[in-house]
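Working notes, structure below.
Residue numbering restarts at 1 for every chain, and letters A, B, ... go by the order of the sequence lines.
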Amino acid sequence: MTLKVYNYLSREMEVFEPIQPGRVGMYVCGPTVYDHSHLGHAKTYVAMDVIVRYLKHLGYQVRHVRNITDVGHLLDSGEDRILRGARRHRLEPMEVVETYMNSFFEDMDALKVQRPNISPRATGHIPEIIQWIRDLLDAGYAYEVAGNVYFSVEAMPDYGKLSRRNVEDLEAGVRVQVRDEKRHPADFSLWKRAEPEHLMQWPSPWGAGYPGWHIECSVMSTKYLGQPFDIHGGGLENIFPHNECEIAQAEAHHDADFAKYWVLVGSLTVNGIKMSKSLGNFLTIKDALALYTPEAIRFFILSGHYRGPVDFSREALEAAQRGVQRLHNTLRAVRDRMGTAPPAGTAILSDVSALTDYRKAFQEAMEEDFNTPQALAVLFEMVKDVNQQLTQKGDLSMGSLAAIEKTFGDLAGSVLGILPAEEKASAVSSELVEGLMDIIMDLRREAREAKEWERADMLRNRLALLGIMLNDAPAGSSWTYEG
RNA sequence: GGCGACGUAGCCAAGUGGUAAGGCAGGGCUCUGCAAAAGCCUUAUUCGUCGGUUCGAUUCCGACCGUCGCCUCCA
């Protein structure tokens, strides 16, 4: 079994071989925290999360670094409502940053995105950034003009190698007005001079200013992961100029490749158009979570390949919600059965071999560049199989049921993160609740035996209003709480 | 203008040089007092269009049409 990864650097599928055996260093471009995150962010980070989870599943020791950009884009241009608001309300920019950073982490936690091992912030690395810029100046890769420091793309002959652009094309197509002080239109800022009214600024050898847009990622990734490191991830839309600039800076600064594999995630779209702040066609993660479960949102995102776009729509989310429910139903049925399973009943799927086949098929899907849609298809084939066994065989052994539960837990739970937390059910199951439910279930059973359907249905409906769903089976009725 | 991606059933979405996964929705049946859940069966002679290569293409090549992304902060 070999993990294959599509590397944007080569534009080919490559066998994944970490630089150090058994260890993976991975850096993901994180968000700029100036507003609540939307589903587009969710797609990128859920996709990267599954990649991290899968690498861990394979036994790699992963160091996952994802930055928080808390400076550089926070220009007090007068356009930015947040900062204008911050000024009006006498908030420090850092208070704004803190608010939305916390919001972002809340959202990621809610979506069951595992926290990175390190979440470095640009403002926490100003000294390192300044040192890097000095180094680049000393080495002749950068130049200073009136408090601004620019990186000279002409000093890096292979600038553009990731996004497959060349400097000539860039020159031809520039739409932005070129700042005269740049030697080449494609040169980009390492350090920017701060006007006195600029809200965030630090002293530097070039005067008061703040870091450019790209330098933090080069500095922080290599600080914690070394250079080169294994995987650089993020959203595909950042391939140019951001990722390209990261490479140029790092490979100029240190005579080594920057990152070995570039794993970039396609955008989330709405009616085919990218979900983005500026277009206003976004749904915040918090709003989405009010409508759909975290598992449904993850399922929706994972139902498309990470490199491609996934198109958001109500219908798609609702389909995901129902799809994930089907998976949960089966798992719940397995767990219910475990409560009454004979220790030595019929062993099914046995036959661990069948389960092994599903694990293998799942693994084969994931090893083809993390093909989660294929992996989900495998899980649903297993769901169908398990459902059939559950209805056909009443005496499944405890061992078989436990093996099934474990398989679901490992694949759908640990790797994909689309199983509900078990705690939810136990949160309400106290002795008192169990006792009360026993009484109610007895009452309803008596009503049904007396064919008093109205009373039986009334009990069922009122329980449903509390989120308690009844399931009448030939062997008797059971209940579940869905909160 | 430059670079790139995509176009598969009602919707979402995998995939392969040899005859189309999976989910949702729909239809029929079983189970059920009725539901719900579950089960069984069923829904693309066809993969944007037109050519080419091939014994054979949805899969390779070319053209065209359409959609989108990046080139400016953006996950």
> Choosing from B/A14, B/A21, B/G23, which nucleotide comes nearest the side chain of A/A377?
Replying inline: B/A21

> Taking the six-membered ring for Trp, are A/W262 and A/F258 parallel (under 30°), tilted (30 to 60°) or perpendicular (over 60°)?
Replying inline: tilted

>> When the P atoms of B/C55 and B/C65 are compared, how many Å lie between them, rounded to an integer?
In response: 32 Å

> Which whole-number value in Å describes the distance from A/L283 CG to B/A75 P?
Replying inline: 17 Å

>> Could you tell me if A/Y358 and A/D385 have a donor-acceptor pair between their side chains, going purely by distance under 3.5 Å?
In response: yes

>> For a quick check of understanding: with a heavy-atom distance under 4.0 Å over all strands, which category does A/G30 fall into, base, sugar-phosphate or nothing?
In response: sugar-phosphate

>> One thing to verify: whether A/K286 and A/E106 come together as a salt bridge, which I'm taking to mean a side-chain N less than 4.0 angstrom from a carboxylate O.
In response: yes

> Is the NZ or CZ atom of A/R115 both under 6.0 Å from the centre of the six-membered ring of A/F105 and within 45° of that ring's axis?
Replying inline: yes

> Roughly how far apart, to the nearest Å, are B/A63 and B/C6 at atom P?
Replying inline: 16 Å

> Rounded to whole angstrom units, what separation is found between the CE atom of A/M469 and the P atom of B/A38?
Replying inline: 12 Å

> In chain order, what residues pass the ring-ring contact (aromatic ring centres under 6.0 Å, His included) check against A/H36, with sequence neighbours excluded?
Replying inline: A/Y100

> Quantified in whole Å, what is the C1' atom distance between nucleotide B/G51 and nucleotide B/U58?
Replying inline: 16 Å

>> Categorize A/G234 for me: base, sugar-phosphate, or nothing, with a 4.0 angstrom heavy-atom threshold over every strand shown.
In response: sugar-phosphate

>> Tell me which pairs pass salt bridge (charged side-chain N to carboxylate O under 4.0 Å, His left out) where either residue lies in residues 467-479 of chain A, with sequence neighbours left out.
In response: A/R444-A/D472, A/R448-A/D472, A/R460-A/D472

> Taking atom P of B/C11 as reference, at what distance in whole Å does atom CZ of A/R322 sit?
Replying inline: 16 Å

>> Looking at A/Y150, I'd like to know if the NZ or CZ of A/R183 sits under 6.0 Å from its six-membered ring centre while staying within 45 degrees of the ring's axis.
In response: no

> CD of A/Q374 versus C1' of B/A20: gap in Å, rounded?
Replying inline: 13 Å

> With rounding to whole Å, what would you report as the distance between B/G7 and B/C47 at their C1' atoms?
Replying inline: 10 Å

>> Measuring only the P atom in each nucleotide, how far is B/G62 from B/G22? A whole number of Å is fine.
In response: 33 Å

> Between A/S276 and B/A75, is there a side-chain N or O to OP1/OP2 distance below 4.0 Å?
Replying inline: no

>> Rounding to an integer number of angstrom, what distance separates B/C74 and B/G66 when you compare their P atoms?
In response: 32 Å

> Given the rule in the side-chain contact (heavy atoms from CB on, under 4.5 Å) test, do A/F282 and A/V270 qualify, once you have shown the distances and angles that lead to the verdict?
Replying inline: CA-CA 8 Å; A/F282 62 90; A/V270 182; over 6 Å; no

>> Let's test this: given Watson-Crick or G-U wobble pairing with both distances under 3.5 Å, identify the partner of B/C31.
In response: none

N/O-N/O pairs, protein side and nucleotides 66-70 of chain B side, under 3.5 Å:
residue, atom, partner, partner atom, Å
B/C70, OP1, A/K274, NZ, 2.7
B/C70, O2', A/R165, NH2, 3.3
B/C70, O2', A/F240, O, 3.4
B/C70, O2, A/R165, NH1, 3.4
B/C70, O2, A/R165, NH2, 3.2

>> Using whole Å, what does the distance between atom P of nucleotide B/C3 and atom CG of A/L162 come to?
In response: 17 Å

>> So A/M108, base contact, sugar-phosphate only, or nothing? Heavy-atom distance under 4.0 Å.
In response: nothing

>> Is the terminal nitrogen or CZ of A/R66 (NZ for Lys, CZ for Arg) located under 6.0 angstrom from the six-membered ring centre of A/Y27 and within 45° of that ring's axis?
In response: no

>> If I take atom CD1 from residue A/I247 and atom CD1 from residue A/I239, how far apart are they, to the nearest 0.5 angstrom?
In response: 8.0 Å

> Counting any heavy atom closer than 4.0 Å, what does A/E381 reach on the DNA or RNA strands: base, sugar-phosphate only, or nothing?
Replying inline: sugar-phosphate

> Looking only at atom C1', what distance separates B/U8 and B/U19, rounded to whole Å?
Replying inline: 15 Å

> Side chains of A/E246 and A/S218: donor-acceptor distance under 3.5 Å anywhere?
Replying inline: no

>> Return the pairing partner of B/A21 with a 3.5 Å limit on both distances, Watson-Crick or G-U wobble; otherwise return none.
In response: none

> For B/A57, which nucleotide in any strand shown is its Watson-Crick or wobble partner with both distances under 3.5 Å?
Replying inline: none

> In terms of side-chain geometry, is the basic nitrogen of A/K4 or A/E367 positioned less than 4.0 Å from the acidic oxygen of its partner?
Replying inline: no

> Which nucleotide, in any strand shown, forms a Watson-Crick or G-U wobble pair with B/G1, with both distances under 3.5 Å?
Replying inline: B/C71

> RNA chain B: A/G323 or A/H38, which has the more 5' nearest nucleotide?
Replying inline: A/G323

> In whole angstrom, what separates A/L327's CG from B/C24's P?
Replying inline: 10 Å

> Any luck finding a side-chain donor-acceptor pair between A/S313 and A/D311 under 3.5 Å?
Replying inline: no

> When all nucleic acid strands are considered with a 4.0 Å heavy-atom cut-off, which category describes A/T330: base, sugar-phosphate, or nothing?
Replying inline: nothing

Report all interatomic pairs (protein N or O, nucleotide N or O of nucleotides 30-33 of chain B) with separations under 3.5 Å.
residue, atom, partner, partner atom, Å
B/G33, N7, A/R448, NH2, 3.4
B/G33, O6, A/R444, NH2, 3.4
B/G33, O6, A/R448, NE, 3.4
B/G33, N1, A/D457, OD1, 2.9
B/G33, N2, A/D457, OD2, 2.7

>> What's the gap between B/A57 and B/C3 when it is taken at their C1' atoms, as a whole Å value?
In response: 29 Å

>> Taking pairing as Watson-Crick or G-U wobble with both contacts under 3.5 Å, can you name the mate of B/G66, or confirm there isn't one?
In response: B/C6

>> Without decimals, in angstroms, what is the distance between A/M458 CE and B/C34 C1'?
In response: 16 Å

> How is A/Y45 classified with respect to the nucleic acid when contacts are heavy atoms under 4.0 Å: base, sugar-phosphate, or nothing?
Replying inline: sugar-phosphate

>> What residues from residues 304-316 of chain A pass a heavy-atom cutoff of under 4.0 Å to RNA chain B?
In response: A/G304, A/H305, A/D311

>> In this structure, is the centre-to-centre distance between the rings of A/F151 and A/Y159 below 6.0 Å?
In response: no

>> Side chain of A/K384 only, heavy atoms from C-beta on: which candidate in B/C41, B/A38, B/C73 is closest?
In response: B/C41

> Within less than 4.0 Å of OP1 or OP2 of B/A38, is there a side-chain N or O belonging to A/N471?
Replying inline: no

>> Between P on B/G23 and CG on A/L317, what's the gap in Å once rounded to a whole number?
In response: 19 Å

> What pairs of residues pass the salt bridge (charged side-chain N to carboxylate O under 4.0 Å, His left out) test when at least one of them lies in residues 313-326 of chain A, not counting sequence neighbours?
Replying inline: none

> Which nucleotide in the set B/G23, B/A21, B/A37 lies at the smallest distance from any side-chain heavy atom of A/N329?
Replying inline: B/A37

